[in-house]
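Below is one structure, written out as structure tokens, with a few remarks after it.
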Amino acid sequence: MEPSKNVPEDFLKPYNSLEQEDKILSLWEQSGYANPDVCVEKGVTAADAETFSIVLPPPNVTGTLHMGHAAMLAIEDILIRYHRMKGYKTLWLPGTDSAAIATQSKVEEALYKEEKKTRHDIGRVELLKRIDIFTEASKEIIIDQTKRMGSSLDWSRYAYTMDEPRYRAVMTAFVRMYEAGLIYRGDRIVNWDPKLQTTVSDEEIEYKEQTDPFYYLQYGPFQIGTVRPETKFGDKYVVMHPDDERYAQYKHGETIELEWINGPITATIIKDEAADMEFGSGVMTITPSHSLIDFEIAQRHGLDIEQVIDDRGILLPIAGEFAGSHIKKARLAIVEKLKEKGLLVRVDEKYVHNVATNSRGGGMIEPQIKRQWFVGVNKEFKMGESKIPGIPSGSMTTLKQMMLAAVESDAVDIVPDHFKKIYFHWVGNLRDWCISRQIWFGHRIPVWYKGKEIYCGVEAPKGGGWEQDPDVLDTWFSSGLWTFSTLGWPENTLDLRTYHPTSVLETGYDILPFWVVRMILMSGFLLGDIPFHRVYLHGLVRDGQGRKMSKSLGNIINPLDMIEKYGADATRLSLVIGAQIGNDLKLSEDRVRGYKHFANKVWNITRFVLESSEPRGLTFRDSDLMNADDEEKVREAHRLAADVSKHIDGFRLDLAADVVYHFVWHRFADEIIEESKAVLKGDDAVLRASKQRMLYEILIVSLKLLHPFMPFVTEAIWQELPQKESDVLMTAKWPAAAKASADKPV
RNA sequence: GCACCUUUAGCUCAGUUGGUUAGAGCGUUCGAUUCACAUUCGAAAGGUCAUAGGUUCGAAUCCUAUAAGGUGCACCA
């Protein structure tokens with residue numbers, strides 16, 4: 001066939017995503033339109049336009065892009081492109097996260113593997129230097145991969161959790177909370193990781209099922225059960241429920257003499273409701289130093305607390321002859337001794353229970369009592385200037401009350417709705433938050449000691465002899481500041497005033513308790529405001545059979561492979577269509593392949609529309625009026641625009657993508673184009689001109705509606721159009737819901 | 001144990017405040033086609049809406065119970 005003059009050469013082949021995507025990426029980058037300031041400067045966005053802002057949940061600097069990231073990027077980019085086209089002053093702010101514990105342990109592992117050294121051999125300064133080299137080298141990877149999804153992030157505002165502005169924000173936040181009495185140092189029971197030698201937050205603990213022998217021991221007149229006989233040396237309190245009739249004869253505070261592992265001891269009876277009458281014999285002994293529940297019982301009754309196991313899991317002198325051995329090795333020897341003494345009643349070999357492990361690559365958790373820094377969530381403080389409904393400026397409140405108020409009042413809306421319940425459940429049960437970590441990589445606690453003096457401040461105190469607290473802050477402490485530390489806080493910047501609170505926080509539902517909760521806490525206290533108006537929680541990406549993607553199952557689908565094979569547009573669509581908000585998504589390679597066909601379909605539709613136009617190159621004149629029939633078809637496309645907008649506004653991106661997909665393929669291509677063929681080949685020039693114009697207008701509307709979902713192919717087409725309203729589709733005007741008049745040239 | 005989610009065609013899912021004959025994509029079968037299409041188009045088959053009750057003129061949709069699958073939390077000393 002003779003190619004028409006209207007058809008650029010590229011269109012004579014199928015759509016080649018690999019070839020086009022690179023070109024389009026650099027086109028966007030050069031345009032600078034991801035930066036809202038550039039949009040205002042170039043007149044694309046009105047200077048006083050409403051703002052729409054999202055702060056990207058920062059991926060780990062040392063990580064690589066997985067499907068979860070890809071889904072997040074696709075969803076956020078759709079929201080961003082849509083609002084940008086609608087004329088909002090739109091900011092999507094990128095960043096990366098240092099992921100303190102995970103990153104440090106990676107570097108430490110490599111250090112040990114390659115040089116057989118530990119961090120103590122090389123020291124704090126050297127270790128931090130190596131971590132820095134490591135993160136610098138790997139951050140380019142994740143940034144490049146992020147860009148390849150087509151993410152229209154404003155890289156001129158890039159932030160890293162460990163850079164200088166964020167450091168200042170973290171220090172300032174700590175000092176302010178310290179001065180308000182919300183941060184305190186105390187000896188409390190914490191989750192201790194003996195392997196990584198650090199505390200771990202409650203939320204980072206993962207319970208794993210494990211089968212162990214369960215021992216029943218004779219403790220005076222009682223039988224007690226335990227999986228961990230090695231913790232029992234110090235047990236001198238025996239606890240039972242106050243209503244337990246079986247033990248009514250024993251009075252609270254009464255003492256009894258009995259024979260125990262290392263000889264006779266005096267035990268004291270404690271009546272406490274924490275004892276479960278249904279479990280075992282209903283009697284337990286407690287080890288307050290290594291169990292949260294036991295610690296709380298001990299605190300309620302003012303009992304003695306003795307440490308049994310040290311930081312490395314070694315038994316202390318209280319263990320008598322077992323002192324100095326590791327708990328793992330000591331257990332069997334202790335059981336042997338109990339047996340000899342006749343204290344072992346029986347053993348249940350297959351007892352299934354949950355053990356706490358550190359989900360951040362550490363080992364088993366050993367509760368310990370430690371001097372740590374905490375954020376008191378139930379402590380009263382005087383609220384400053386407040387915009388949070390229900391928490392008046394200057395009133396007395398607590399962090400917990402403030403966090404509840406933010407969501408109860410709907411100032412922060414969480415979608416889907418049922419996650420609100422989960423939020424309330426979480427916040428309601430929140431305990432004081434342990435924020436100190438005994439690792440080296442992170443924001444060091446801004447507290448200095450000199451003898452008994454303590455000083456807290458952003459800068460080190462003047463004069464010699466001061467020593468800084470060696471601990472660093474929990475990574476979530478700085479993450480909690482993310483929506484405003486990235487905008488320049490603690491400075492009162494224009495960005496902060498313009499874009500905060502952010503419009504939407506979009507993240508996986510699994511991270512709600514860690515992050516969303518902490519951001520509301522930090523923003524509430526430090527700014528007296530919410531961090532975002534809406535929280536949009538997406539589901540997890542699973543494999544075709546609904547299983548989690550994991551290395552061991554070998555079912556990981558790598559987004560970069562998909563981009564390579566089928567294009568970024570197809571990858572994006574496969575992560576959005578069929579992904580009902582908050583529900584998990586089953587992804588298979590076939591799905592991605594299917595959407596590649598769609599990208600090609602759009603390409604070919606364009607080819608047809610251009611081919612069937614007159615050689616003069618689609619310059620419509622007033623004489624090229626559409627007839628009523630064709631006008632109605634254009635109006636139909638605009639009605640579709642209203643539907644798409646409605647679905648996006650309701651966060652139903654799956655429906656929005658689905659209706660536009662269906663329209664473009666099965667209405668526009670299969671029906672409207674097919675029906676127009678006879679006229680296009682016919683002799684009636686007036687009818688033909690009307691058709692040509694109708695097809696072109698619908699093509700334009702379709703490209704615009706598709707653009708947020710599949711930005712590459714639509715932009716590539718836009719670049720080849722002979723007549724267009726803006727240099728890039730990215731900043732073209734979103735189609736109005738109802739078209740006022742059809743007689744203006746496009 | 002507590003809470004939440006899911007259950008609609010072979011598969012993946014829509015179904016908006018209850019309202020005609022429950023829809024789409026993929027897959028299957030049949031047909032057409034190389035005249036925009038690394039093909040595409042048309043048509044067909046396929047559903048006791050998990051189960052049992054209830055509310056209602058009317059229920060996939062609301063209520064109660066049950067079952068199966070999943071997730072989170074709590075944990076058992």
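Here is how names work: the chains are called A, B, and so on, in the same order as the sequence lines, proteins then strands, and each is numbered from 1. What you see is a predicted model; the values in this text were computed from it and never measured. In what follows, every heavy atom counts, from backbone to side chain, and hydrogens, waters and symmetry copies are set aside.
- When distances are taken from the side chain of Trp665(A) to each of G15(B), C41(B), A36(B), the shortest belongs to C41(B).
- The aromatic rings of Tyr216(A) and Phe214(A) sit perpendicular to each other, their planes meeting at more than 60°, with 30° as the lower class boundary.
- Here the side chain of Phe608(A) is nearest to one of C35(B), C4(B), A36(B), namely A36(B).
- G47(B) and G10(B) are spaced 7 Å apart, taking the P atom of each and rounding to whole Å.
- Sparse packing is recorded around NZ of Lys339(A), with 12 or fewer heavy atoms of other residues, nucleotides or ligands lying under 6.0 Å away.
- Taking a pair to require two hydrogen-bonding distances under 3.5 Å in either a Watson-Crick or a G-U wobble arrangement, A9(B) remains unpaired.
- The Thr226(A) side chain lies nearest to A77(B) when the options are C13(B), A36(B), A77(B).
- Distances from the side chain of Trp426(A) to the nucleotides A36(B), G72(B), U12(B) place G72(B) closest.
- Across the C1' atoms, A59(B) and U71(B) are found 29 Å apart, a figure rounded to whole Å.
- More than 12 heavy atoms of other residues, nucleotides or ligands shown are found within 6.0 angstrom of CG on Asp684(A).
- For Pro14(A), taking side-chain heavy atoms from C-beta onward, the closest of the listed nucleotides A77(B), A38(B), A36(B) is A38(B).
- U17(B) and G25(B) have their C1' atoms separated by 28 Å, with the value rounded to a whole Å.
- Side-chain atoms of His662(A) lie closest to A24(B) of the nucleotides A24(B), A38(B), C73(B).
- Rounded to the nearest Å, the gap between the P atom of C11(B) and that of U48(B) is 13 Å.
- Applying the ring-ring contact (aromatic ring centres under 6.0 Å, His included) test to His597(A) and every residue at least two apart in sequence or in another chain returns nothing.
- Distance from the side chain of Phe214(A) is smallest to A77(B) among A77(B), A36(B), A14(B).
- Between Glu408(A) and Lys420(A), no side-chain nitrogen of the basic residue sits less than 4.0 Å from a carboxylate oxygen of the acidic one, so the salt-bridge criterion is not met.
- The His666(A) side chain lies nearest to G25(B) when the options are G25(B), C35(B), C73(B).
- Among the nucleotides C13(B), G15(B), U40(B), the one closest to the side chain of Lys601(A) is U40(B).
- Here, C49(B) and G18(B) have their C1' atoms 15 Å apart, quoted to the whole Å.
- Across U12(B), C4(B), A36(B), the shortest atom-to-atom separation from the side chain of Ile605(A) is found for A36(B).
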